[in-house]
Q: 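Mind having a look at this structure? Questions to follow.
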Amino acid sequence: MAVCIAVIAKENYPLYIRSVPVQNELKFHYTVHTSLDVVEEKISAVGKAMADQRELYLGLLYPTEDYKVYPSHMIIVYYTPVCMFFILIENILLYRHTRYGYVTNSKVKFVIVADSSNTSLRDNEIRSMFRKLHNSFTDVMCNPFYNPGDTIQSKAFDSMVSAMMVQAS
Amino acid sequence: MESLTLTDVEQKYYSDLFVYCDTDNTKKVASNGKVLDLFRAAQLPSEVVLQITELCGATRLGHFGRSQFYIALKLIAVAQSGLPLRVESLNSVKDLPLPRFVVAKNEQEARHTAMYPDLENQGPYQGVIPRPPGRGQVKKVSAHEVIQPCVPTPDTTSPVVSPHQSPPTSPHAWRKHKRQASGGNVERPPVVVAGAVWTPFREAQSGPVVVGDGMWSAHSPPPVQESWVSLKDTYPPSSSKMIISICYFPLNVSLANEIQRQSSSGYDDPWKITDEQRQYYINQFKTIQPDLNGFIPGSAAKEFFTKSKLPILELSHIWELSDFDKDGALTLDEFCAAFHLVVARKNGYDLPEKLPESLMPKLIDLDDSAEVPDQAPDVGYSGSPVEVTPNKSPMPSLNQTWPDLNQGNEQWETFSERSSSSQTLTQFDSNIAPADPDTAIVHPVPIRMTPSKIHMQEMELKRTGSDHTHPTSPLMAKPPELSEETKLATSMKFVTANSGKCQGMFHYHKELRTIAVCRSNSGTSPEGLKVAAAPPPPPPRPNASHSRSSSLDMNRNFAAHPTGPQQSGVVACPPAIPPRPLPTQTSGPHSGHRSDEGLAAHSTTSPQQIPEQPNFADFSQFQAFAASDQPSDDGEKHPESLPVEKSTEGAGPLRTVKIDNQEDRAAATVNSAKGSIMAPPPKPVRRRLKSEDELQDEALPPKSNVIATVLATLPSIPRSVGKDKKAIQASIRRNKETNTVLARLNSELQQQLKDLLEERISLEVQLEQLRPFSHL
């Protein structure tokens with residue numbers, strides 16, 4: 001059900017965005033962007049660095065009614081900064097988009113946009129998805145040929161994200 | 001020109017060659033360029049070639065007609081045989097071997113003669129026809145032979161293979177023949193290499209190839225040196241890569257050739273690393289990291305491989321493939337694999353999606369860390385060993401592409417993919433671990449098993465209130481020896497504190513354990529089960545079997561019974577062991593009733609007894625109980641010792657939840673047991689709050705009644721000291737009844753437990769299947 005998965009770098013530019021229904025990609029980008037604000041807000045609210053992964057999970061951000069007519073998607077924003085936040089945005093519309101945020105300790109943000117019209121993902125499932133994403137992201141980072149700040153072009157990462165989006169949907 | 005008589009084989013061979021040289025497709029004239037190249041490939045001195053050319057008449061004609069070409073070929077054969085070149089030798093020499101041509105073969109190229117323009121003869125190599133690793137191009141017949149894992153992207157970047165040496169071609173040729181689509185060629189002796197060179201040029205003519213090859217084998221001398229020349233489509237990277245290595249690594253030519261030779265010696269696996277290659281890799285490894293057991297840090301590896309001038313993206317992909325353990329550093333095996341992939345890529349092979357079997361680093365046994373460098377020669381050939389390291393990157397493409405070659409090894413890869421590292425396990429555990437803090441694992445709480453009015457009352461309350469009757473309250477304290485004696489002892493009961501009721505789940509313990517004495521939990525006190533602190537030392541904690549179901553069961557338990565008053569609240573705190581005598585005693589009078597309705601009655605009586613709170617440690621109560629409560633309807637009661645009675649009685653309450661309806665007598669036995677238990681100190685019976693849902697759902701209701709009945713009988717311990725003998729007998733009877741009831745309950749619960757376990761396993765399997773990346 002994860003319709004869109006995005007990895008946002010520390011400086012809030014996307015490292016990786018991928019959405020399943022390609023036609024709405026721009027909207028997902030927009031959604032992710034708006035989610036960033038919420039994430040930032042949560043990050044700043046947190047205050048001190050939190051190492052606990054639980055707190056890295058932001059969860060639902062805020063309900064929005066902006067989106068209409070297109071399926072809500074959960075945007076996974078990878079925030080590698082201080083903590084991970086899940087940003088969950090629910091759209092009341094036809095399809096609800098639930099956004100989950102997750103921030104890493106290095107201020108990389110992950111955002112998952114999921115379609116809440118499907119079986120709502122359990123919190124644990126979201127967390128596991130973020131965990132996988134984080135692991136894959138770590139693997140990408142470990143590659144000495146990857147320069148931090150580059151877009152993520154790892155095939156393994158792509159395949160993992162694809163599987164996640166397929167699985168979720 | 002003299003007429004030329006050719007044998008059939010020769011005829012065929014020559015015609016093949018002519019076709020090969022007939023780039024203009026004129027069917028009449030072989031292009032000079034090709035012919036000359038061919039002659040060069042014959043490895044004859046140039047003057048001989050000139051002589052041949054002259055002899056055949058091409059010099060006169062200025063071109064190579066078919067006849068001239070054939071004559072030339074024959075003369076080449078003559079020259080190669082060491083015979084003097086004479087026109088008359090054309091026909092006179094019998095059994096002349098076919099002319100041999102050393103060519104780096106490239107079948108599709110050969111077909112299209114495209115390779116010739118691409119010929120890049122490197123200095124040291126002469127007469128070499130570049131052999132592009134025609135990956136995608138399946139040459140002629142062997143469509144299925146495309147071993148390359150990658151899509152055919154004719155990336156003939158590989159420089160010419162140096163054939164000027166005479167490497168042992170036999171295996172190579174053999175391999176080529178294997179590659180041949182024609183099935184019959186597989187066993188062809190490698191000797192025929194030279195013939196094999198041209199075979200690919202014949203499209204879809206496995207027949208002639210076969211023949212030619214056969215002839216070759218008949219004729220060719222053992223040294224197949226030339227054979228290695230042309231690798232077929234399945235040109236293993238090992239051969240070409242060496243050339244590449246020459247290109248960009250400071251590799252000396254000889255090594256490259258040697259390696260190339262070696263490459264041919266491999267068998268089907270194109271990704272196999274030959275000895276020379278491995279040695280070369282090891283040497284390179286040493287330049288970076290002298291310690292063969294050590295690691296090459298990522299930065300150093302990056303610099304090293306950047307020298308290969310491959311695009312960063314490809315290098316990144318290679319790194320992903322080769323860094324098996326994802327640690328950002330390369331071990332020797334990983335380095336060799338990476339190097340191998342780089343060379344392959346330079347030679348034009350596409351990178352596989354996942355690490356090929358032969359490149360997987362050999363797992364290092366935990367107890368043998370020094371073996372990594374030693375197996376360098378083995379790794380390349382043996383494929384990855386059984387052990388497996390978690391391999392994240394190939395994982396997604398696990399079932400993908402590595403095609404036919406590694407079919408045999410698929411299971412290894414699969415295994416490796418599946419092998420779950422601790423990471424997987426932990427993830428799994430974490431997934432399983434309940435997120436809900438409420439579902440805390442309840443540690444066993446000793447429950448007082450001695451009968452008590454309060455306990456019985458509580459049991460009554462529980463019975464009436466929900467499915468879960470107070471399992472422990474009516475149970476009598478059971479000495480350890482009793483538990484051993486009875487089957488009931490196999491199950492342990494754990495009580496979790498709850499708000500007001502004894503909440504107990506039976507947990508069947510495989511081994512006879514500590515069922516011991518269970519204190520009546522909650523003492524039937526309205527405030528809930530409280531395990532008495534005073535009672536004798538609690539039985540040993542439940543063993544691992546409980547932990548199994550801890551979280552899961554708890555979840556289920558709570559999920560299944562969110563409503564029951566007693567279930568709620570679970571067991572945040574160890575339930576206190578309430579004194580039990582009262583409830584049991586109060587229900588004593590009702591012990592006679594063994595029917596379900598009797599249970600209700602018993603239940604009602606027990607609450608009344610709850611407040612009594614007799615001293616549970618007062619065994620005299622048991623006596624009284626036994627004396628007063630003579631359910632004597634079960635005459636078969638046990639004249640057993642008190643301990644037995646006690647155990648049964650203790651078991652009875654334990655099993656309260658599970659006792660069948662028909663286990664009426666158990667109640668009696670329980671009661672009797674309770675009454676008679678005097679000597680053994682009550683021991684808390686651990687009760688597991690969580691129980692399988694089925695147990696609770698199915699078994700409890702029906703059994704609770706029985707249990708209630710049993711429990712109801714328990715509090716029949718009269719307060720006053722009754723007649724010893726009679727009380728003992730009565731309690732014996734009751735204990736026996738309880739024993740049987742509980743035993744039956746035990747078996748049923750165990751069956752349920754098994755079912756639940758199976759279900760759980762299936763669910764877990766499903767879960768794992770649904771979460772392909774859970775082991776990331």
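Values below: all heavy atoms of this structure, side chains included; hydrogens, waters and symmetry mates excluded. In what follows, chains are A, B, ... by sequence order, proteins preceding strands, each numbered from 1.
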Q: Any chance you could measure A/Tyr146, atom OH, to B/Ile312, atom CD1, to the nearest 0.5 Å?
A: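 Answer for the OH-CD1 pair, A/Tyr146 versus B/Ile312, is 13.5 Å.
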Q: Within a strict 4.5 Å, meaning less than it, do heavy atoms of the A/Phe145 and B/Leu313 side chains meet?
A: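 With C-beta onward as the side chain, the pair stays apart.
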Q: What closest approach, in Å, do B/Trp319 and A/Cys142 show between heavy atoms, and which atom pair accounts for it?
A: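 Smallest heavy-atom distance, with atoms named: NE1-O, 3.8 Å.
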Q: Side chain, backbone, both or neither: which part of A/Asp158 has a non-hydrogen atom closer than 4.5 Å to chain B?
A: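 Neither part.
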Q: Within the structure provided, determine whether B/Glu320 and A/Asp139 are in side-chain contact (heavy-atom separation under 4.5 Å).
A: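 No, too far: nothing below the 4.5 Å cut-off.
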Q: How long is the gap from CD on A/Glu125 to CG on B/Leu767, to the nearest 0.5 Å?
A: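 These two atoms lie 8.5 Å from each other.
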Q: Determine the option with the most heavy-atom pairs under 4.5 angstrom with chain A, choosing from B/Ala329, B/Gly298, B/Ser316.
A: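 Ranked by contacts with chain A, first place is B/Ser316.
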